[in-house]
Protein chains: 2
Amino acid sequence: MGKRALPAAMIARLPLYLRSLDELGQRNPTISSVRLGAVAGVAATQVRKDLSYLGSYGVRGVGYRVEELRERLHRELGLTRGWGVVVVGIGNLGTALAEYSGLRLWGFRVVGLFDVDPARVGNKVNGLRIKHLDRMESVVEHEQAEIGIIATPAAAAQLVVDRLVKAGVRSILNFAPAVLQVPRAVTLRRVDVSSELQILSHHLARAAGRAAG
Amino acid sequence: MGKRALPAAMIARLPLYLRSLDELGQRNPTISSVRLGAVAGVAATQVRKDLSYLGSYGVRGVGYRVEELRERLHRELGLTRGWGVVVVGIGNLGTALAEYSGLRLWGFRVVGLFDVDPARVGNKVNGLRIKHLDRMESVVEHEQAEIGIIATPAAAAQLVVDRLVKAGVRSILNFAPAVLQVPRAVTLRRVDVSSELQILSHHLARAAGRAAG
DNA sequence: CGTTGTGAAGGTCTTCACAGCC
DNA sequence: GGCTGTGAAGACCTTCACAACG
């Protein structure tokens, strides 16, 4: 019978809770919503509502059992699966991502690095050789990669996405400053540095305007 | 006579509209909400509502005049001010950000790069010498930097933020996987790669679960 | 007694439907 | 006729208030 869909905003907070548990370490076997919220930067009632969607994992008068909660969050976020990740575009950004220790920490396997620049192809990053983009499809298939990270220039991004999708990748994280199209069955998320800076700029301008009268 | 506050969600879309106008170039002097929405990946009625907050810049039966709209978006986003930006933590990510051409394109001035690693201090990135973090405060003051970008490890992030704020920076973009505290007058935004990947992982796990029954 | 879990209220954001205008 | 601008409706998200319970 249909599980009701989980709110997207709540899913986006689960990684914060998980990270907070890790930061707090093993000192206490339980944690209250107030404390978890303080560390995660989320209101305590929000924490409780979010966790209640995962089922009743708290104990009234006591709090949440840390180990149980950690496990539940891992499961909900699918971190037990060891998803395969490929990175396309190995400039400074792609290199930073390929070397990002968080990937391994959360159980992701980086199984392919791709570029089209002959000066980069063949180099090793984090123990993995950069391959030409032409070999992307065969690696995705062979290594069962499910996640693709786009760190190419904007002009190349849509082409790369189309190829990733065709090769079987079903989740894509886009760092290129471009709006990309994907089929409905594919999840696309965007990290848009340019937009973020412009939003900061807007706030600065507003504050300045307010101060000036 | 207070200006009503603009919806945050709408502000976050303005950079997309601006980018879309640039992508479309000078071919047409006007653009309809349908077309702009298609390029920006936003519903046409959403485009109209968003732009209506900026005042009546459209012409019924015709569309929006591209040049006028571009200028209005620039103004609202404060891109005419040439804000000074400093980057702290010049690893691969910090280097990528320091070299990001989008910064100059939108009128930001990168005025300082800082690190604590002696192996990095003194090196040049994008024509700018990396300085030791100790000199951050004096550069922020001297160059009037208003925006700080954190690309340090998580453990150092709160310390760096505190120093940036004390030095006078009022907008901060945090790439470190940490929840940071700032005074209310400071705008803090977060780019959280680790969370994004975990959200993608969740969607993969859900899809797999659904397929399996 | 302290803390969770949750219906209800309140707020924000998006979509709809259509009036208004060129 | 075609397109913008906008009040109203609807969806989504957060906060509140308090019942439930170990």
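Every chain is numbered from 1 and lettered A, B, ... according to where its sequence line falls, protein lines coming before strand lines.
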Heavy atoms under 4.0 Å is the rule here; annotate nucleotides 13-22 of chain C 5' to 3' with B where the base is hit, S where only the sugar-phosphate is, and - elsewhere.
SSB---BBBB
Please report the distance, rounded to the nearest Å, between OH in Tyr57(B) and P in dT6(D).
14 Å
Value in whole Å for how far the C1' atom of dG5(D) lies from CG of Leu54(B):
13 Å
side-chain contact (heavy atoms from CB on, under 4.5 Å) with Val193(B): which residues, sequence neighbours excluded?
Leu97(A), Tyr100(A), Leu173(A), Phe175(A), Leu197(B)
Is a salt bridge present between Arg75(A) and Glu71(A), judged by a nitrogen-to-oxygen distance below 4.0 Å?
no
Looking at Glu76(B) and Arg72(B), is there a salt bridge between them, counting it only when a charged N and a carboxylate O are closer than 4.0 Å?
yes
For residues 32-41 of chain A, which residues have at least one heavy atom under 4.0 Å from DNA chain C?
Ser32(A), Ser33(A)
Working to the nearest 0.5 angstrom, can you tell me the gap between [X] [atom1] and [Y] [atom2]?
{"X": "Met136(A)", "Y": "Leu113(A)", "atom1": "CE", "atom2": "CG", "answer": "13.0 Å"}
{"X": "Leu93(B)", "Y": "Ile150(B)", "atom1": "CG", "atom2": "CD1", "answer": "11.5 Å"}
{"X": "Leu164(A)", "Y": "Glu146(A)", "atom1": "CG", "atom2": "CD", "answer": "12.5 Å"}
{"X": "Tyr64(B)", "Y": "Arg35(B)", "atom1": "OH", "atom2": "CZ", "answer": "15.0 Å"}

Pull out every residue in residues 68-78 of chain B that has a heavy atom closer than 4.0 Å to any atom of DNA chain D, ordered by number, or say none.
none
Sorted by chain and residue number, the side-chain hydrogen bond (donor to acceptor under 3.5 Å, both in side chains) partners of Arg163(B) (sequence neighbours excluded) come out as Glu137(B)
For dG22(D) and Tyr64(A) - does any side-chain N or O of the residue sit under 4.0 Å from the phosphate oxygens OP1/OP2?
no
Residues Leu180(A) and Leu188(A): closest non-hydrogen pair is O-CD2, 3.5 Å
Less than 3.5 Å apart, which donor and acceptor atoms pair up between the side chains of residues 79-90 of chain A and the rest of the protein, not counting sequence neighbours?
unit_1, atom_1, unit_2, atom_2, d
Trp83(A), NE1, Gly78(A), O, 2.9
Trp83(A), NE1, Ser201(B), OG, 2.7

